[in-house]
Amino acid sequence: MDLSSDQIRQVLIYVFVLLISVALHEFGHAIVAHKLGDDTPSRQGRVTLNPLAHADLIGTFLLPLIGGLYGGGGFGWGKPVQWQPHRITRKVSMSAAKIMVAVAGPTMNLLLAVTLAVVDAILLSQNVYGWHGPVDAILRFAVQINFVLFFFNLLPLPPLDGGHVAQSFVPYRQREQFDQFARYAPFVLLGIIMIPSIGRIFTWPAQQLTIHLFALLGLT
C-alpha cells in the first residue's frame, strides 16, 4: 500500500479528532453519573478530560487507523464508563438517571460540534487564517465527525446510548423481548457500520446539519 504524506497526515488528523471527540463523549457519561451521586467513575479515573483515560486501544486507535489507511474512515469508540444506577441520589429515579447518563455522551458531541463551528467563524472573521485553509478544513471536519457521533449514538440499538434510552421506556411486560433483541442488536449495528447505504441514516443528517450550521454562521 503506497500512501502519500498527505494521506498519512489526513489519517492522523482523523484519529486525533476521533480521540478528542470520543473522550469528551465518555467524559459526559462520567461527569453526569458522578453528579448524580455515583462515585464509581471518579474512583476509576474517568471524571477527567484526559483523552487517554477514555481511549480504547482497538476502538479509538487501531480500527480508525486501519479504516483510515484503507479509505474507509470507519467508526470508533471509547472505553465504556462504568457506573452503578443503584448508587445515585434518591432525588432522581433510576430510570431517569439512566436516561440522563445515556444522553450526556451524545450531548457533549453536539456541544463540541457547535462550539468548534463558532470558534471557526470567529477566527475566520478575525483573519487568523484563511477560508478553506488547513485549519478551517480540520475544524469543519471535526464538526461533522461530532455530528456523526451524535446521530449514531442515538440509534435505539443496544449497546448504543439510544439503546439505553429506549430500554428505559420499554414496559416491564416487554422487557424480556427487548433483552432478546439486545442480544442480536450488535449484529444489526455491525451491518449499519459495514453497509454504506444503511449508514447514511446518520451520516446524511450529520452532513446536512454541518452544512446548515456553517451557513447560519456565514461560512459557506
Side-chain angles (χ1 to χ4, degrees), residues 18-49 51 53-56 58-60 63-64 74-113 145-194 198-199 201-203 205-206 209:
L18 187 65
L19 171 64
I20 300 302
S21 303
V22 166
L24 198 63
H25 178 102
E26 297 301 336
F27 170 76
H29 293 312
I31 190 63
V32 170
H34 176 72
K35 292 295 184 181
L36 288 174
D38 181 19
D39 65 346
T40 303
S42 178
R43 288 187 290 103
Q44 295 183 347
R46 303 302 300 277
V47 186
T48 176
L49 289 172
H54 305 289
D56 178 84
I58 296 177
T60 312
L63 186 62
F75 293 92
W77 59 84
K79 188 189 306 179
V81 171
Q82 297 178 354
W83 68 291
Q84 308 296 325
H86 64 274
R87 302 188 66 177
I88 63 170
T89 175
R90 295 183 180 179
K91 295 180 180 179
V92 180
S93 69
M94 189 175 296
S95 75
K98 289 180 178 180
I99 294 174
M100 292 171 66
V101 173
V103 301
T107 299
M108 293 300 281
N109 291 124
L110 178 62
L111 292 175
L112 180 57
I145 286 292
N146 276 276
F147 279 142
V148 169
L149 290 173
F150 171 73
F151 285 109
F152 176 69
N153 281 283
L154 287 180
L155 290 175
L157 295 171
L160 297 178
D161 300 322
H164 294 305
V165 174
Q167 185 181 33
S168 299
F169 288 99
V170 173
Y172 183 78
R173 296 178 182 178
Q174 279 75 49
R175 287 292 175 86
E176 184 176 350
Q177 291 90 328
F178 186 87
D179 290 340
Q180 291 177 349
F181 163 73
R183 298 173 186 173
Y184 300 98
F187 297 101
V188 177
L189 190 60
L190 182 62
I192 292 175
I193 293 175
M194 298 300 294
I198 299 180
I201 62 177
F202 51 86
T203 56
L209 190 53

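FYI, side chains are in, hydrogens and waters are out, and symmetry mates aren't considered; it's all heavy atoms of this structure. Note that the coordinates shown come from a computational prediction; the quantities given were computed from them, not determined experimentally.
Taking CD of Gln44 as the start and CG of Asp39 as the end, the distance is 9.5 Å to the nearest 0.5 Å. Gln84 CD to Leu36 CG: the interatomic distance, rounded to the nearest 0.5 Å, is 13.5 Å. Annotation: the span from Leu18 atom CG to Leu149 atom CG amounts to 6.5 Å, rounded to 0.5 Å. Going from atom CG of Leu155 over to atom CG of Leu160 covers 6.0 Å, rounded to the nearest 0.5 Å. Between the CZ atom in Phe169 and the CZ atom in Phe178 there is a gap of 12.0 Å [rounded to 0.5 Å]. The distance from the CZ atom of Phe151 to the CG atom of Leu209 is 5.0 Å, given to the nearest 0.5 Å.
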With a 3.5 Å cut-off and sequence neighbours excluded, list the donor-acceptor pairs that the side chains of residues 92-100 form with protein atoms.
residue, atom, partner, partner atom, Å
Ser93, OG, Ala96, N, 3.2

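In this structure the side chain of Asn146 never reaches within 4.5 angstrom of the side chain of Met108, judged on heavy atoms.
Using a distance-only test at 3.5 Å, with no hydrogens or angles considered, a donor-acceptor pair links the side chain of Arg46 to the main chain of Lys79. Panel note: side chain Arg175, backbone Val170; a donor-acceptor pair is recorded below 3.5 Å. The backbone N or O of Thr48 lies less than 3.5 Å from a partner atom in the side chain of His54, making a donor-acceptor pair.
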### Task
Report the C-alpha distance between Ile20 and Leu24 in whole Å, list the side-chain angles of each, state the deciding distance to 0.1 Å, and finish with yes or no for side chain to side chain contact (heavy atoms under 4.5 Å, CB included).
CA-CA 6 Å; Ile20 300 302; Leu24 198 63; 5.6 Å; no
### Task
Decide side chain to side chain contact (heavy atoms under 4.5 Å, CB included) for Phe152 and Thr203; before the verdict, give the C-alpha distance in whole Å, the side-chain angles of both, and the deciding distance to 0.1 Å.
CA-CA 8 Å; Phe152 176 69; Thr203 56; over 6 Å; no
### Task
Apply side chain to side chain contact (heavy atoms under 4.5 Å, CB included) to Phe27 and Val81, showing your working.
CA-CA 8 Å; Phe27 170 76; Val81 171; over 6 Å; no
### Task
Before giving the answer on side chain to side chain contact (heavy atoms under 4.5 Å, CB included), spell out for Phe147 and Leu110 the whole-Å C-alpha distance, their side-chain angles and the decisive distance to 0.1 Å.
CA-CA 6 Å; Phe147 279 142; Leu110 178 62; 3.5 Å; yes
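The aromatic rings of Tyr184 and Phe187 lie tilted to each other, with the angle between the two planes from 30° to 60°.
Looking at every heavy atom in both residues, Pro106 comes nearest to His29 through CD-CE1, 4.4 Å.
Here the rule is side-chain contact (heavy atoms from CB on, under 4.5 Å) with Lys35, and of Asp38, Ile31, Val32 only Ile31 fits it.
Atom CG of Leu111 sits in a crowded spot, with more than 12 heavy atoms from other residues, nucleotides or ligands closer than 6.0 Å.
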